[in-house]
Amino acid sequence: MTTPREHTPHETPNIADEQRAKLKQLFPEAFTEKNIDWEKLKATLGEVTETSPERYSFTWAGKRDAIRLLQTPSRATLVPVKDESEKFDTTQNIFIEGDNLEALKLLYKAYFNKVKMIYIDPPYNTGKDFIYPDNYTDPLDTYLKLTNQKDSEGNILTSNPETSGRYHSAWLSMMYPRLFLARQLLRDDGVIFVSIEDTEIVNLKLLLNEIFGEENFVGTLHWKRKKQPSFLHGHIAPVMEYVVVYSKELSKLEKLSIEKRSDFNTRVDNSPNDFSERLIGKGIRVKLPSDIKIIKKGVYKNKTMTTEYLTDVEIKDGRTIKDIRVKARFRNTQQQIDLFVEKDALFITKNYGLRRDLLPEELEKRKAITDLLTDWGDNQESDEELGELFPEGKPFEYPKPTKLIYNLIKCNETEEEIVLDFFAGSATSADAVLQINKEDNGNRKFILVQLPEPCGETSEAYKAGYKTIADIGKERIRRVIKNLEKEKEGKLDLKTRETPEDLGFKVFKLAESNYKVWNPDDAADPATFVKQAELFTDSLKDGWKAENVIYEIAIKEGYTLNSNIEQIKGKHQAEISKVTDNDKGQSFYITLEDKVTLERLKGLALTKDDLFICRDVALDDETAANLALQCRLKTI
């Protein structure tokens, strides 16, 4: 008898199934035989069924296909490319080369509700810029053909000319699933900034209203992109572009403001001083899950801070109920700490560190951003700064100025957070993050995604050796890092940071899965079916590489791309890796050997809390049954 086995996922989560499960948790009475009863749901929400078919709605030709594309799980993976990276083993920054829709699906499980800020500069749909032709039946196949990883017939690179019968619809269908997934990645206090111009601003706002809710509209920023208007063509010479701003939850979004001065810092535990003890008064806010009632005394670490609670922290109704003693790298005196508690400005973070809000007197040192941005950089400045980075010739047209994105990052609290840009272009967002971290000792991390859109063979970029836009972005980050490292040379290291400055980035490329794909059409008759089944005894494709397989499993299990992969040596005979996601505090063990025995795993001392993953073909039924008693067993 074959032992039942739990398998590792081969695809990303099904978005529709997850949304349906959330709805069922909220409204179980609205489900009949596992399906949604829409009339019951309306009744539950107190809605009266309309007798008239007329009501407001926003739709376009192809919307259903766009929704179906969103709901199609990705069977792709992300492959690490260390020779194109900088400091791969230590950096927390990510550059993904590939279709951003597939990349967002792969990021979904690990980065759900983790991103503080998103900035994107998508195609403006001017009729000339590139629109990626999504394939609703197999988006990965289209991507592989586009990037010459598969043979293709015809030219699938396309623009979206105004003569197209679905001019606006094609753009909306491209944007909808990407923006929907972007919202899933944002934290509740997160914000998204979208650059756009006149062609699609109306449709963009309607789209964002549908996805984010019009109640979460923050505002529209008017950015002066040119010092002077171009030669008049048409009735008005445009000098402005727009940045449309939406929040995940407006009530949780901090006020967007810019520092008048930059010599103060809101963090209380990032001082270069040695660890010191402080008494924290009772009643401070605790930003932890509602079911947390106590934080046990002890040392709590994350990437940027260490906090040691010398007493247990008891929590009731989201606040501490007793005074507590804490050791950390405090920048503030005991008198200041007492003031923060008195002013209700101090709180415990989800990572058990300490942060505080700005006091009224400090808020006076900040000014609210206005909706007119006249001194946030312009196209001339962006050309000049790119020219300085690439003195041999500017490889990219119309990049956004670093100052624009720099100020957008600075206008909300992002010091320890993730900044995501999935239309990365020349990687201006990465440039801005690295510059700000240098200036304020922050630990922001960037995740950039860029399609390897080919550079035209007659372009300056192609002549300079850059075959794709992604190549330009990666090279820009390398040059920015090199310049920042040069600035540090010869300077006295005062060690004002608790963690080293992160001057690196990991490169991942979108690729086909390491798993074989079963196609039932190829096994129509019984004999062929049996033959096909024999080929799938091992679900991994021929020629697989261990590191690539481990990363794919980690991603689809919901581990971040910064998870640590450690080779376990000396405890046993089997070749085993331990994968640890420090952000989640989770880990699993994995071996890809052809044969797994209990004897070879004895040194691991697996427990019920441990997840152990191996190939299905490596286990016999007896070993599988025994392992399933010792730990959580999953097979590939």
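These numbers were taken from a predicted model, which means no experiment stands behind them.
Side-chain N/O atoms of D581 and Q586 include no donor and acceptor closer than 3.5 Å. In summary, the side chains of S426 and R476 do present a donor paired with an acceptor at a separation below 3.5 Å, with no hydrogens or angles considered. A donor and an acceptor atom, one from each side chain of N562 and K506, are located under 3.5 Å apart. In this structure, a donor-acceptor pair under 3.5 Å is present between the side chains of D502 and T91. Using modelled atom types, one finds no donor on one side chain facing an acceptor on the other under 3.5 Å when comparing T580 with E566.
Legend: side-chain hydrogen bond (donor to acceptor under 3.5 Å, both in side chains) pairs involving residues 111-121, not counting sequence neighbours, sorted by first then second residue: N113-K248, Y119-S195, D121-Y124, D121-K400.
Applying the side chain to side chain donor-acceptor pair (under 3.5 Å) rule to K350 yields no partners; only residues at least two apart in sequence or on another chain are considered. Residues passing the ring-ring contact (aromatic ring centres under 6.0 Å, His included) test with F446: none are found, sequence neighbours excluded. Residues passing the ring-ring contact (aromatic ring centres under 6.0 Å, His included) test with Y108, sequence neighbours excluded: F112. Take Y589 and apply the side chain to side chain donor-acceptor pair (under 3.5 Å) test, not counting sequence neighbours, and it matches no residue. In this structure K24 satisfies the side chain to side chain donor-acceptor pair (under 3.5 Å) test with no other residue, sequence neighbours excluded. Residues satisfying the side chain to side chain donor-acceptor pair (under 3.5 Å) test with N209, not counting sequence neighbours, are Y246. Evaluation of the side-chain contact (heavy atoms from CB on, under 4.5 Å) rule for V617 yields T537, D538, R615 as partners, not counting sequence neighbours. Residues meeting the side-chain contact (heavy atoms from CB on, under 4.5 Å) test with K541, sequence neighbours left out: E512, K516. Legend: residues meeting ring-ring contact (aromatic ring centres under 6.0 Å, His included) with Y551, ordered by chain and number and at least two apart, are F508. For F396, there are no ring-ring contact (aromatic ring centres under 6.0 Å, His included) partners at least two apart in sequence or on another chain.
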Give the C-alpha distance, both sets of side-chain angles, the deciding distance and a yes or no for side-chain contact (heavy atoms from CB on, under 4.5 Å) between L204 and V194.
CA-CA 9 Å; L204 174 66; V194 185; 3.7 Å; yes
Evaluation steps, salt bridge (charged side-chain N to carboxylate O under 4.0 Å, His left out), between E6 and R632
CA-CA 9 Å; E6 184 180 1; R632 269 190 70 207; 3.8 Å; yes
Carefully, step by step, assess F422 and L181 under the rule side-chain contact (heavy atoms from CB on, under 4.5 Å).
CA-CA 11 Å; F422 53 88; L181 286 166; over 6 Å; no
Could you give me the CA-CA distance, side-chain angles and deciding distance for D189 and L253, then say whether side-chain contact (heavy atoms from CB on, under 4.5 Å) is met?
CA-CA 5 Å; D189 61 350; L253 179 66; 5.7 Å; no
Could you go step by step and tell me if E86 and R478 meet the side-chain contact (heavy atoms from CB on, under 4.5 Å) rule?
CA-CA 7 Å; E86 293 286 332; R478 293 187 196 104; 3.8 Å; yes
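Atom OG in S429 sits 9.0 Å away from atom CG in L420 (nearest 0.5 Å).
Around OH of Y398, the count of heavy atoms belonging to other residues, nucleotides or ligands within 6.0 Å does not exceed 12.
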Can you give the donor-acceptor pairs under 3.5 Å from side chains of residues 454-466 to other protein atoms, not counting sequence neighbours?
unit_1, atom_1, unit_2, atom_2, d
S459, OG, G456, O, 2.6
S459, OG, Y462, N, 3.2
Y466, OH, R479, NH2, 3.3

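Side-chain atoms of D421 and I118, non-hydrogen and from C-beta on, never get closer than 4.5 Å to each other. Within the 4.5 Å cutoff, the side chain of T8 has heavy atoms near those of the I613 side chain. Residues M117 and R187 fail the side-chain proximity criterion, which asks for heavy atoms closer than 4.5 Å.
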